[in-house]
Amino acid sequence: MHNTKIGAVTLDGGASARTPALDSMLAPQSVALIGATEAAGSVGRTILENLKAGGFAGAIYPINPKRAQVLGIPAHPSIAAVPGVVDLAVIATPAITVPVIVAECAAAGVR
């Protein structure tokens with residue numbers, strides 16, 4: 001079997017070797033969905049439905065400045081307003097907004 005070395009992680013073609021730094025992305029305990037919405041057919045709704053239906057057991061933080069809740073989950077107006085630690089932020093907004101949102105995520109301590 002062929003081994004590939006990436007930084008401090010050796011991937012051996014199937015083993016689940018990873019560093020704790022990657023756990024926030026690969027096995028998050030909390031997810032913020034920036035751009036969560038109830039609009040039918042939207043990416044933000046589809047991702048939120050998939051998180052709920054897929055059995056994600058961690059905290060889900062919908063981010064939508066115009067709604068108090070999205071699909072029955074309390075929403076937050078911004079990533080800075082989330083009360084808990086966010087391991088992974090998923091951005092489902094227009095591309096032009098992404099650089100500002102990434103900076104807001106960094107400032108809020110998203111892992």
Side-chain angles (χ1 to χ4, degrees):
M1 182 175 289
H2 180 355
N3 289 340
T4 303
K5 179 94 170 165
I6 301 174
V9 179
T10 300
L11 304 176
D12 63 6
S16 60
R18 62 179 180 246
T19 64
L22 292 177
D23 284 346
S24 294
M25 183 173 52
L26 301 176
Q29 298 300 306
S30 60
V31 175
L33 175 56
I34 302 166
T37 181
E38 292 188 356
S42 69
V43 173
R45 180 182 180 130
T46 301
I47 294 170
L48 189 55
E49 287 175 333
N50 287 340
L51 283 168
K52 289 174 63 175
F56 179 70
I60 300 171
Y61 300 110
I63 309 298
N64 185 317
K66 299 177 182 175
R67 302 190 56 99
Q69 65 175 7
V70 178
L71 299 180
I73 303 172
H76 305 280
S78 67
I79 192 72
V82 172
V85 174
V86 176
D87 286 333
L88 177 67
V90 177
I91 303 172
T93 63
I96 195 160
T97 66
V98 172
V100 170
I101 292 171
V102 169
E104 291 171 351
C105 288
V110 174
R111 294 180 179 166

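Model, not experiment: these values are computed from the prediction.
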Given the rule that I, L, V, M, F, W and Y join up when any side-chain heavy atoms are under 4.5 Å apart, are [X] and [Y] in one cluster?
| X | Y | value |
| --- | --- | --- |
| Leu33 | Leu26 | yes |
| Ile63 | Ile73 | no |
| Val90 | Val86 | no |
| Val43 | Leu88 | yes |

Once side-chain hydrogen bond (donor to acceptor under 3.5 Å, both in side chains) is applied, what residue pairs with a partner in [range] remain, sequence neighbours excluded?
| range | value |
| --- | --- |
| residues 50-73 | Glu38-Arg67 |
| residues 25-36 | none |
| residues 80-91 | Asp87-Arg111 |

Handout entry: ring pair (Phe, Tyr, Trp, His ring centres under 6.0 Å) contacts in which one or both residues fall within residues 91-111, not counting sequence neighbours
Key = none
Completion exercise
Quick note, ring pair (Phe, Tyr, Trp, His ring centres under 6.0 Å) partners involving residues 30-60, not counting sequence neighbours, are none
Only pairs under 3.5 Å count here: list side-chain donor-acceptor contacts from residues 91-105, not counting sequence neighbours, and write none if there are none.
| residue | atom | partner | partner atom | Å |
| --- | --- | --- | --- | --- |
| Thr93 | OG1 | Thr97 | OG1 | 2.6 |
| Thr97 | OG1 | Pro94 | O | 2.6 |

Exercise for the section: If a pair satisfies salt bridge (Lys or Arg N to Asp or Glu O under 4.0 Å) and one of its residues is in residues 90-100, list it, with sequence neighbours excluded. Expected result: none
Handout entry: Pairs involving residues 88-103, ordered by first then second residue, that meet salt bridge (Lys or Arg N to Asp or Glu O under 4.0 Å) (sequence neighbours left out)
Key = none
Practice task
For Glu49, enumerate each residue passing the side chain to side chain donor-acceptor pair (under 3.5 Å) test, keeping only those at least two apart in sequence or located in another chain.
Solution key: Arg45
Exercise for the section: Find the distance between CD1 (Ile60) and CG (Leu51) and round it off to the nearest 0.5 Å. Expected result: 4.5 Å
Problem - Residue pair Pro28 / Val31: nearest heavy atoms and the distance that separates them - result: CG-CG2, 3.9 Å
Fill in the blank from the handout: Hits for side-chain contact (heavy atoms from CB on, under 4.5 Å) against Ala81, two or more places apart or cross-chain, chain-then-number order -> His76, Pro77, Ser78
Problem - For Ala107, all residues meeting side-chain contact (heavy atoms from CB on, under 4.5 Å), sequence neighbours excluded - result: none
